[in-house]
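What follows is one structure encoded as structure tokens, with my remarks underneath.
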Amino acid sequence: MKKFSEKIIYWYQENKRDLPWRNTKDAYLIWLSEIILQQTRVEQGMAYYLKFAKEFPTVKHLAAADDEKVMKLWQGLGYYSRARNLHAAAKVISEKHKGKFPNEHSDILLLKGVGEYTAAAIASFAFNKVHAVVDGNVYRVLSRVFGIETPIDSTEGKKEFYKLANELIDKKNPALHNQAIMEFGAIQCKPVSPDCSVCPLNTMCFAYAKKRITELPIKAKKTKVRCRYFNYIVLHHKTLTALNKRGEGDIWNSLYDFPLIETNKELGEDQFLKSKDWKNFIDGAQYTVKSIPVSYKHILSHQKIYARFWEIECAKPFDKLLPETAVVIKTKELHQYAVPRLIDIYLESRK
DNA sequence: AACTCGGGGGG
DNA sequence: CCCCCAGAGTT
């Protein structure tokens, strides 16, 4: 009987997708692709990879780029700390490593934004080192084939799956093996309704034999969702608009939105208009509220945001009247700023 | 060990 | 509505 590794590698060679980051040995490009693909589907990350690779063909190009430009290119992809860490690490590689990407697993692991998975991916794909990758796909394949019921989001589970993955890896073809098992998980051993009848591993699969495909892998925690109510104050004065740069400790760090009043619960529209808080933004200046606010429900994996955009025409400039984090910009230059998807959708609707 | 960090797609 | 996706950093 053929071994696990041989079977998935054979399957991979017959079924693999043609993906751009598989056609290079450039550690920088492989790193770039791995950061973009963290918790992100290949189809969603593809356009961003092509954009970044074209705009920043080498790590030095990326290191030399402006922060705001990097964030703008990342706009819409989510998990924005990835972009900040990517940029910070590019500067380290460019300066401390003289532009040469580290080729040891332990050194790669020191880079900001690079954890166990990504270090193994880069070390194997770029330098053909024997380090097994364990991503969501690998957890699923291993738990099903070998019947592992340890929760994948536990410390114990992580150790157990890494141990098994490193026992199974083809030490002569670590890069090929790692690509194969992930692609196998993504395409054949899918999360929902995989076609096990055509699976090359169905004769050795625990979950298939026990009819427990839908139960594996096991995840212990469930993310709870928090509801938030955002009242955005979209201030205009002639050709000017006020933006707000978001900071640490909340979503969308280092992106821009508008000056904001957040409340614990839904307020009526008249109730909000009467409230004093937002008028601090304009310090009692004359203003005109343009019609009723535009409303959106923005769903994230861990937050539900009920947003309203109050468009206010202000009679005088608002330079010094805003929060510390605010910036006054020309409305026509708004498109240069990196904004959350929610703000982007609002702006698109205003065109 | 638990929490937080986005956005999109599929059943 | 739910779950998952080429996970990592912080507390």
Side-chain angles (χ1 to χ4, degrees), chain A residues 16-17 19-22 30-49 71 74-86 88-89 108-122 124-125 132-141 151-159 161-162 165 175 178-187 189-194 214-226 228 246-255 257 297-305 338-345:
Chain A
K16 67 180 175 183
R17 293 168 287 184
L19 302 174
W21 46 86
R22 287 187 183 149
I30 291 168
W31 169 56
L32 175 63
S33 74
E34 291 302 336
I35 300 299
I36 286 173
L37 292 172
Q38 285 169 3
Q39 291 291 285
T40 303
R41 294 169 192 282
V42 165
E43 310 85 75
Q44 191 188 358
M46 178 70 79
Y48 287 83
Y49 172 79
M71 297 313 294
W74 200 272
Q75 173 179 313
L77 194 56
Y79 287 147
Y80 296 95
S81 65
R82 289 184 295 173
R84 295 192 305 273
N85 290 335
L86 181 78
I108 298 170
L109 193 52
L110 293 177
L111 299 172
K112 272 192 188 174
V114 173
E116 281 289 313
Y117 161 77
T118 305
I122 299 170
S124 63
F125 299 154
V133 294
V134 180
D135 71 335
N137 295 308
V138 177
Y139 278 121
R140 187 169 52 254
V141 172
I152 62 173
D153 53 353
S154 66
T155 306
E156 186 191 350
K158 187 179 174 185
K159 283 174 60 178
F161 281 93
Y162 265 93
N178 279 339
Q179 290 283 9
I181 189 169
M182 286 197 290
E183 189 78 338
F184 182 79
I187 294 178
C189 195
K190 295 185 295 184
V192 182
S193 56
T214 60
E215 298 173 32
L216 294 169
I218 291 172
K219 203 170 174 181
K221 306 161 195 154
K222 301 191 197 300
T223 54
K224 49 193 169 195
V225 178
R226 170 182 165 213
R228 304 175 75 175
R246 299 184 61 87
E248 294 178 11
D250 201 350
I251 55 171
W252 303 329
N253 180 3
S254 51
L255 270 60
D257 58 359
K297 188 163 95 173
H298 191 65
I299 308 291
L300 302 177
S301 51
H302 55 301
Q303 297 187 10
K304 258 187 222 172
I305 297 169
V339 299
R341 192 72 183 103
L342 168 63
I343 303 297
D344 198 34
I345 290 168

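Predicted model, so just to flag it, every value in this text is computed and none were measured.
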message: At less than 4.0 Å, is any side-chain N or O atom of A:Lys304 found next to OP1 or OP2 of C:dC1? Yes or no.
response: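 Affirmative; the distance criterion is met.
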- prompt: When you check the phosphate oxygens OP1 and OP2 of C:dC5, does a side-chain N or O of A:Arg140 lie under 4.0 Å from one of them?
  reply: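 For C:dC5, OP1 or OP2 has a side-chain N or O of A:Arg140 closer than 4.0 Å.
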Starting from [atom2] on [N], measure out to [atom1] on [X] and report it in whole angstrom.
X	N	atom1	atom2	value
A:Ile152	B:dA2	CD1	P	15 Å
A:Lys112	C:dG9	NZ	P	10 Å
A:Asp135	C:dC5	CG	C1'	9 Å
A:Lys219	C:dC3	NZ	P	9 Å
A:Leu86	C:dG7	CG	P	16 Å
A:Arg84	C:dA8	CZ	C1'	12 Å
A:Ile108	C:dA8	CD1	P	13 Å
A:Met46	C:dA6	CE	P	12 Å

Would you classify [X] as touching base, sugar-phosphate or nothing, given that sugar-phosphate means primed atoms plus P, OP1 and OP2, and contacts are heavy atoms under 4.0 Å?
X	result
A:Glu156	nothing
A:Val133	nothing
A:Trp21	base

query: Can you name the residues that form a salt bridge (Lys or Arg N to Asp or Glu O under 4.0 Å) with A:Asp153, not counting sequence neighbours?
result: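 With neighbours one apart ignored, the set is empty.
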query: With sequence neighbours excluded, what pairs up with A:Arg22 under the salt bridge (Lys or Arg N to Asp or Glu O under 4.0 Å) test?
result: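 Here the qualifying residues are A:Glu183.
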Derivation and outcome, side-chain contact (heavy atoms from CB on, under 4.5 Å), residues A:Thr118 and A:Gln38: CA-CA 8 Å; A:Thr118 305; A:Gln38 285 169 3; 3.0 Å; yes
field: Shortest non-hydrogen contact from A:Ala165 toward A:Val134
entry: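 That closest heavy-atom pairing would be CB-CG2, 3.7 Å.
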field: Main-chain N/O of A:Ile36 paired with A:Arg82 side-chain donor or acceptor, under 3.5 Å
entry: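 The answer is yes, because a donor-acceptor pair under 3.5 Å joins these two groups.
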What interatomic distance, in whole Å, is found between [atom1] of [M] and the corresponding atom of [N]?
N	M	atom1	value
C:dA8	B:dG9	P	24 Å
B:dG11	C:dA6	C1'	22 Å
C:dG9	B:dG8	C1'	23 Å

- request: Take A:Tyr48 and A:Thr40, measure what side-chain contact (heavy atoms from CB on, under 4.5 Å) needs, and give me the verdict at the end.
  value: CA-CA 11 Å; A:Tyr48 287 83; A:Thr40 303; over 6 Å; no
- prompt: Across all strands, who's sitting opposite B:dG6 as a Watson-Crick or G-U wobble pair, both distances under 3.5 Å?
  reply: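 Checking every strand shown, B:dG6 finds no partner, since no pair has both distances under 3.5 Å.
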query: So, A:Tyr117 and A:Glu34: side-chain donor and acceptor under 3.5 Å apart, yes or no?
result: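 Yes, a side-chain donor-acceptor pair sits under 3.5 Å.
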statement: Going 5' to 3' through nucleotides 3-11 of chain B and flagging B where a protein heavy-atom sits under 4.0 Å of the base, S where only the sugar-phosphate is that close, and - otherwise, we get S-BBBBB--
